[in-house]
Structure formats: C-alpha cells, structure tokens
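Below is one structure, written out as structure tokens; the observations come after it.
Note that ligands are numbered from 1 as they come in the structure, with each ligand's atoms numbered from 1 the same way. Only heavy atoms go into these numbers, but all of them, side chains included; no hydrogens, no water, no symmetry mates. Sequence positions, counted from 1, serve as the residue numbers for this chain.
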Amino acid sequence: MTNIASAIRELHEELPSNVKLVAVSKFHPAEAVMEAYRAGQRIFGESRPQELYAKARELPDDIVWHFIGHLQTNKLKLVLPYVSMVESVDSLHLLEAIDRWGRDNGRITDILLEMHIASETTKQGFSKEELMSAVSLAASCPNVRVSGLMGMATFTDDEDVIRKDFAKLVAARDEIRAGAGLYPGLPVDFGVLSFGMTHDYRIAVGMGADIVRIGTLIFGERTY
Ligand SMILES: *Cc1c(COP(=O)(O)O)cnc(C)c1O
C-alpha cells in the first residue's frame, strides 16, 4: 500500500464518522489524488483556480471538490462549475460575485464564510464584526447557501493558542445560531464548522469540527 493510501485509511479509521475529511491535494499531481481516491477518499480541497479546474476536468466525476483558497472574482468560471463548496469566502465583494454568477448560471453555491481567527495578520478572513455583516448579506443572497464558517488557527505548537483561536470560531457560530432571527434567509441547519489541518486536526475534532482539511499528513510536504 502506498503512503497516501495508508494515510487515508488511518484517517478514515481515526476520524469520527460525522467528521468530513477534505484531502487537500493542492500542489500535488493528479496521480496523487488518484491514489487517495483508490483508497476510498472522495472529498478533495484545492486552493488555486487553474489547478482545481485542470484536476476537476481530468479526474473522476464522483470526486467532490471544495475550494479552500483565495478566490478572485475574475476566476469564478474556473471554479464554481466544478465545486460542491467554496469554504473560503472572505469578502462581501466575492460573496456578491458568487451570487451573481449563480443567478446567471442557474446554480446555488454552497459556501462557508472564512473568519480570521489566527494572530498572523497575513491570513485571510472576516473579523468578528465583518462576519456578522457577511452572514446578513449571505443569508439574503438567493444563489448562495451559507452553511457555516471556516477558519485557520495560528501556526504554532502552543495548543492553548490553537484552542483559543478555534474557540472564536465555535463562539461565532453559536452566536449566529442564537440570533438566527436577525438573518432572514439563513438556512435552518446553518452551523457547519471547517477547522483543523495536519498539525491541529486532533484538537479540532475534540472541539467539534464538522470538516477537517488535511494535506501534508496525506500527501507529504508541498514544494512551492
Ligand atoms: C493548505 C491548506 C490546508 C492543509 O494544510 P496542511 O497543513 O497541509 O494539512 C488546509 N486548509 C487550507 C485553507 C489550506 O490552504
């Protein structure tokens, strides 16, 4: 068995059945995706539009693609026809563009709003205040289905820092749910949380992640 296949099998055994595994295949070739696919993995995450587009057209149709990277509005047509979810909606401008694309193409796109929870300022995402406006706008967009929130913790070995970051995401989700009346159009099952990567997914699972996004542990180091 290849390393990729055994990593997939071990993760499928380890993760609770209600947690979705997104295998993050960015920067890895289609053949690596196929190794994971043959081991039973079906959900894959990509962060670059052109790469997602090429892989989605080449690889089996029953692969479920999640887009997890920064998305520019001029790249929507490379991404939206192929993905079942955009996890990384990080601006109102992008939200509106996805809604408009959906109206013009007869599609409702499932999205997560990305919240900035890390201490690094380089990471993307809405601040807590901006997030509440984004939820409000997303709930009113007919061609967008806002399912929940995504976040990335500070890159550190300090578990307390990671837990505090993740806790912000959980708290924001709970607050939005509690105030659902403020957001007409919000799906009744709003609340999916995507958090946890190779170095912190166990913490994430313990804190109630619904989706974990794991790349390096499955595919090895990326060469940029
Ligand atoms: C690259 C990436 C991941 C996967 O990171 P690993 O540390 O390789 O598991 C998860 N989420 C996002 C948004 C990413 O860009």
* Asked: Between Thr154 and Thr156, is there a donor-acceptor pair closer than 3.5 Å when you use the side chain of the first and the backbone of the second?
  ->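 No, the answer is negative, given that no donor and acceptor are paired below the 3.5 Å cut-off.
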* Counting distance only, does the side-chain N/O of Asp210 pair as donor-acceptor with the main-chain N or O of Val19 below 3.5 Å? ->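 Not confirmed, Asp210 side chain does not pair with Val19 backbone.
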[X]: numbered ligand 1 atoms lying under 4.0 Å from its heavy atoms:
| X | answer |
| --- | --- |
| Thr216 | 6 (P), 7 (O), 8 (O), 9 (O) |
| Arg213 | 4 (C), 9 (O), 10 (C), 11 (N), 12 (C), 13 (C) |
| Gly215 | 4 (C), 6 (P), 8 (O), 9 (O) |
| Ile214 | 9 (O) |

* To do: Pick whichever of Lys26, Met152, Arg222, His66 has a heavy atom sitting closest to atom 14 (C) of ligand 1.
  =>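 Closest candidate by heavy-atom distance is Lys26.
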Check: [X] N/O within less than 3.5 Å of ligand 1 N/O:
| X | answer |
| --- | --- |
| His199 | no |
| Thr198 | yes |
| Met197 | no |

* So Phe44 and Phe219, would you call those rings parallel, tilted or perpendicular, with 30° and 60° as cut-offs? ->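 Tilted, since the angle between the ring planes falls between 30° and 60°.
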* To do: Using a cut-off of 6.0 Å, state whether more than 12 heavy atoms not belonging to Arg42 lie near its atom CZ.
  =>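 Result for CZ/Arg42: enclosed.
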* To do: Please say whether more than 12 non-hydrogen atoms of neighbouring residues, nucleotides or ligands are located less than 6.0 Å from CG in Asp157.
  =>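 Open: at most 12 neighbouring heavy atoms sit under 6.0 Å from CG of Asp157.
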* **Within 45° cone of Phe190 ring axis and under 6.0 Å: Arg173 NZ or CZ** =>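 No, cation not above the ring by the 6.0 Å, 45° rule.
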